[in-house]
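Whatever order the structure lists them in is the order used to number ligands and atoms, beginning at 1.
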Amino acid sequence: MPAGTLPALYGEDFAADPARGYRELRRLGPLTRVEIAPGVEAVLVTDYEAALDVLRDTHTFSKDPRPWPDAVPEDSPVRSVLGYRPAVTFSDGDTHARYRRVIGDSLALLGPHLLQTQVSDVAARLIGRFAGTGRADLVADYALQIPLRVFNLWFGVPEADGERLVARLAALSGSGADAQTGYEELGEVIGALVAERRARPRRDLTSYFLQHPAGLDDAETIRQIGVTFGGGHDFTTNLIANTLQHMIADPRYDGSVYAGAMTAHEAINEVLWRNPPQSTSTGYYVRYDTTFHGVGLRAGQLVLVSYAAANGSSQPGGETDAWGASESAHLAWGAGPHSCPARQPALLIAITAIEELTSRLCDMELAVPAEQLRWRPGPFHRALTSLPVTFTPWAPKAPPPPDER
Ligand code: HEM
């Protein structure tokens, strides 16, 4: 099939009904050629077993695109995800293990109790901003705000810089034209922060990255923080928003937020299974000409794993719920050496944010018909553009007068 006639993973059509798109792609085989942006071709893996094999087989697949000609044009919207940077996502072997240890060990220093308190405080402040009005856009007013503000606390980003970053990072995740400037701006803010913490360390992630025995230099630290902050923020936003959408809008669970029929944890698990926040992996590159699951691959070919399509193709064993979902089997966190190193803190943010909201505004309803909800086009994410809701206006009770205490 010549490029241009390949199935397109970008655009409004695909975003409107990806499940149908994945069903059609799976009919074409376990791996199939697709277009991920105008003129950019990739091999997409849609089969569960083949997906696991790509993610785990470091002998056949590399994360580093540099040995091969660059097939992504400078101005392509997917460049912000696929363009090489000396960061954990683009590294193999010892280099990857070194970066990954810094990220994992630093995250582990964040105690879950403190994290939960931070997320609850941020959530309460945000809810307080719109609770009295009886309406909100749960993407712009809540899901987008929570991880950003929590990350600002974790990394020690000054709040004014953090506010500026959110607009840029939203553009980045949308695969929009100014995605590259989003990364540049993030780099500038993190650069200043790293210089400051090198001189005066504090108890935050930036200082932990710098103090790690792996001894990253400033440029390496800035890159790893950039990837951790940029990717983590975006997918956590999607996880919160997709789960809230599932709890509020899915007709099968009518009234469940009010009735408490579905816990945040259950809803999250269903979303990770059926609507994963990161729908498609970052790049894997074939190291040598080979045949893989019956399909011929050329050295240097770009291979992407569709976590969403692979989830839909799997036959999980063991305990499953009504959706056929079992927590251990979905690929929403990836798999293999590059799987998400932050699933515990990410889950903690999402569960806490959802519980704080649904326990306060328990009669939330969609402000528009469910079919009018729009999803941001783009091959890598599953992201709502907005989630407008209405609810009974609510105001925190004023503290009782002293004589009634
Ligand atoms: C606290 C929030 C988060 C942080 C700090 C974070 C950080 C990271 C980092 C640093 C990597 C790169 C690992 C490597 O290359 O070795 C990664 C990978 C990944 N993360 Fe997360 N993440 C967060 C939340 C999420 C969420 C909510 C999801 C979706 C459920 C997610 C899904 C993934 C996936 C699928 C990968 C594999 C990436 C790939 O395909 O290349 N992450 N994450």
Fill in: Basic-acidic side-chain contact under 4.0 Å: Arg202, Asp204
no
Worksheet item: Could a heavy atom of Phe229 be found less than 4.0 Å from some atom of ligand 1?
Response: no
Worksheet entry | Atom indices of ligand 1, in the order listed, that fall short of 4.0 Å to a heavy atom of Thr236 | 2 (C), 24 (C), 27 (C)
Worksheet item: Out of Arg223, Gln211, Arg98, which one pairs with Leu216 under the side-chain contact (heavy atoms from CB on, under 4.5 Å) rule?
Response: Arg98
Item to complete: Could you tell me whether the side chain of Ile351 reaches within less than 4.5 Å of the side chain of Thr263, counting heavy atoms only?
Response: no
Fill in: Ser281: numbered ligand 1 atoms lying under 4.0 Å from its heavy atoms
40 (O)
Fill in: 4.0 Å heavy-atom contact, Lys63 with ligand 1
yes
Worksheet item: Which ligand 1 atoms does Thr282 reach within 4.0 Å, using its non-hydrogen atoms?
Response: 39 (C), 40 (O), 41 (O)
Discussion item. When you compare ligand 1 with Ser339, is there at least one nitrogen or oxygen pair between them that comes in under 3.5 angstrom?
Written reply: no
Response to the item:
The atoms of ligand 1 lying under 4.0 Å from a heavy atom of Thr228, numbered in the order shown, are 5 (C), 10 (C)
Practice prompt. May I ask which of Arg382, His381, His338, His233 has a heavy atom nearer to atom 37 (C) of ligand 1 than the others do?
Written response: His338
Discussion item. So is Pro337 touching ligand 1 or not, going by heavy atoms under 4.0 Å?
Written reply: yes
Practice prompt. Answer yes or no: is there a side-chain heavy-atom contact under 4.5 Å between Arg203 and Tyr208?
Written response: yes
Practice prompt. Tell me which one of Ala350, Gly334, Ala332, Ser91 gets a heavy atom nearest to atom 32 (C) of ligand 1.
Written response: Ala332
Worksheet entry | Option nearest atom 33 (C) of ligand 1 (shortest heavy-atom distance, choices Arg100, Gln224, Gln278) | Gln278
Discussion item. Evaluate Tyr284 for polar contact with ligand 1, using N/O atom pairs at a separation under 3.5 Å.
Written reply: no
Worksheet, complete the sentence: A student comparing Pro341, Ala342, Gly232 should find that the heavy atom closest to atom 8 (C) of ligand 1 comes from Pro341
Worksheet item: Taking distance alone, with no angle check, do Thr280 and ligand 1 share an N/O pair under 3.5 Å?
Response: no
Worksheet item: For His96 and ligand 1, does the shortest N/O to N/O distance drop below 3.5 Å?
Response: yes
Discussion item. Under a 4.0 Å threshold between the charged nitrogen and the carboxylate oxygen, would Asp70 count as salt-bridged to Arg79?
Written reply: yes
Worksheet item: Aromatic ring centroids of Tyr285 and Tyr84 under 6.0 Å?
Response: no
Discussion item. Under 4.0 Å, counting heavy atoms only: does Pro277 come that close to any atom of ligand 1?
Written reply: yes
